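The structure under discussion appears below in the form of structure tokens.
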Amino acid sequence: MSTLEASQIEPLLVACLCAQWCGICRDYAPLMARSLAAFDATQVRVVWVDIEDHAEVLGDLDVESFPTLLLARGTHVLFFGTVPPHKQTLERLVQGALAGDLSPLSPDTDVRTLLGNVQTLRSLPVDLYQQQDPEGLV
């Protein structure tokens with residue numbers, strides 16, 4: 001079994017790099033939680049990284065725009081970049097990654113370091129996910 005095949009067994013890591021002070025991030029958190037709740041929890045692991053509270057996770061990486069997403073399986077980065085804060089964009093990315101439609105990237109050292117650091121995080125900051133969205137659907 002290849003490393004890539006073995007990584008397919010691992011859950012898809014969906015990490016969002018945001019900040020509590022960012023209005024877009026505060027709005028995106030409940031949307032992200034609601035959208036990703038539709039996926040099997042054994043297939044998708046979600047991590048919210050507040051770049052201010054968990055700056056050590058970033059290493060030397062400089063996040064310039066929000067939301068920035070990291071999708072990976074095992075050691076394979078499948079996506080890293082800023083995305084529009086839309087439900088459809090997030091769901092398409094995750095569905096594509098789960099279906100195997102995203103090929104592994106060759107990320108730079110900073111992104112590989114970020115992936116390793118994010119993989120060690122155990123929980124989500126509860127405060128962002130407990131916020132109610134305007135429709136009360138969290």
Side-chain angles (χ1 to χ4, degrees):
M1 180 180 296
S2 73
T3 306
L4 182 57
E5 289 171 336
S7 73
Q8 296 296 321
I9 298 168
E10 296 182 46
L12 175 68
L13 171 68
V14 180
C16 184
L17 309 178
C18 269
Q20 175 64 35
W21 52 261
C22 173
I24 291 171
C25 295
R26 285 192 309 270
D27 292 344
Y28 192 61
L31 179 145
M32 183 176 174
R34 187 174 59 249
S35 295
L36 296 180
F39 293 95
D40 183 343
T42 63
Q43 293 184 350
V44 177
R45 177 177 174 240
V46 181
V47 178
W48 186 275
V49 180
D50 186 304
I51 66 162
E52 301 289 327
D53 292 343
H54 302 288
E56 72 282 357
V57 172
L58 300 177
D60 292 331
L61 187 68
D62 187 24
V63 177
E64 298 178 11
S65 298
F66 301 114
T68 295
L69 293 181
L70 168 67
L71 276 69
R73 273 200 194 264
T75 60
H76 299 281
V77 174
L78 303 174
F79 178 86
F80 179 74
T82 304
V83 296
H86 303 130
K87 175 183 177 188
Q88 295 82 1
T89 301
L90 174 63
E91 290 175 351
R92 273 193 310 252
L93 271 172
V94 172
Q95 288 167 348
L98 289 172
D101 295 340
L102 301 180
S103 298
L105 304 175
S106 298
D108 64 20
T109 302
D110 290 342
V111 175
R112 286 193 309 268
T113 299
L114 171 67
L115 174 58
N117 291 342
V118 168
Q119 288 173 327
T120 65
L121 296 177
R122 295 288 176 226
S123 62
L124 300 172
V126 175
D127 56 341
L128 288 175
Y129 282 102
Q130 289 181 342
Q131 293 182 22
Q132 291 292 318
D133 67 354
E135 299 171 350
L137 298 175
V138 174

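Owing to the predicted nature of the structure, the values given are computational and were not obtained by experimental measurement.
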Legend entry - Asp60, CG atom: more than 12 neighbouring heavy atoms under 6.0 Å: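 Not buried by this count: 12 neighbours or fewer within 6.0 Å.
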
Taking atom [atom1] of [X] and atom [atom2] of [Y], what is their separation to the nearest 0.5 Å?
{"X": "Asp110", "Y": "Leu58", "atom1": "CG", "atom2": "CG", "result": "10.0 Å"}
{"X": "His76", "Y": "Ser103", "atom1": "NE2", "atom2": "OG", "result": "11.5 Å"}
{"X": "Thr109", "Y": "Leu61", "atom1": "OG1", "atom2": "CG", "result": "11.5 Å"}
{"X": "Glu91", "Y": "Leu36", "atom1": "CD", "atom2": "CG", "result": "8.0 Å"}
{"X": "Leu12", "Y": "Gln95", "atom1": "CG", "atom2": "CD", "result": "11.5 Å"}
{"X": "His86", "Y": "Arg92", "atom1": "NE2", "atom2": "CZ", "result": "10.0 Å"}

For [X] versus [Y], what's the shortest heavy-atom pair and its separation?
{"X": "Asn117", "Y": "Glu56", "result": "ND2-O, 3.7 Å"}
{"X": "Phe80", "Y": "Leu105", "result": "N-CD1, 4.1 Å"}
{"X": "Val57", "Y": "Leu114", "result": "O-CD1, 3.7 Å"}
{"X": "Gln119", "Y": "Arg45", "result": "O-NH1, 3.7 Å"}
{"X": "Thr42", "Y": "Pro11", "result": "O-CB, 3.7 Å"}
{"X": "Ala72", "Y": "Val77", "result": "CB-CA, 4.0 Å"}

Inset, instruction - Return the orientation label for the Trp48 and Tyr28 ring planes: parallel under 30°, perpendicular over 60°, tilted otherwise. - result: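 The rings of Trp48 and Tyr28 sit tilted, inter-plane angle from 30° to 60°.
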
Legend entry - Flag, side chain of Asp50 to backbone of Ala19, donor-acceptor distance under 3.5 Å: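 A pair under 3.5 Å: no.
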
Inset, instruction - Could you go through the side-chain contact (heavy atoms from CB on, under 4.5 Å) check for Val46 and Met32 one step at a time? - result: CA-CA 9 Å; Val46 181; Met32 183 176 174; 3.7 Å; yes

Inset, instruction - Please test Arg26 against Gln20 for side-chain contact (heavy atoms from CB on, under 4.5 Å), starting from the C-alpha separation and ending with a verdict. - result: CA-CA 6 Å; Arg26 285 192 309 270; Gln20 175 64 35; 3.6 Å; yes

Inset, instruction - Mind running side-chain contact (heavy atoms from CB on, under 4.5 Å) on Phe66 and Leu17 for me, showing each step along the way? - result: CA-CA 7 Å; Phe66 301 114; Leu17 309 178; 5.5 Å; no

Contact between [X] and [Y] at the side-chain level, heavy atoms closer than 4.5 Å - yes or no?
{"X": "Leu115", "Y": "Pro107", "value": "no"}
{"X": "Val47", "Y": "Val14", "value": "no"}
{"X": "Leu93", "Y": "Val83", "value": "yes"}
{"X": "Cys18", "Y": "Ile51", "value": "no"}

Inset, instruction - Would you check, one step at a time, whether the test side-chain contact (heavy atoms from CB on, under 4.5 Å) holds for Arg73 with Leu98? - result: CA-CA 9 Å; Arg73 273 200 194 264; Leu98 289 172; 3.2 Å; yes

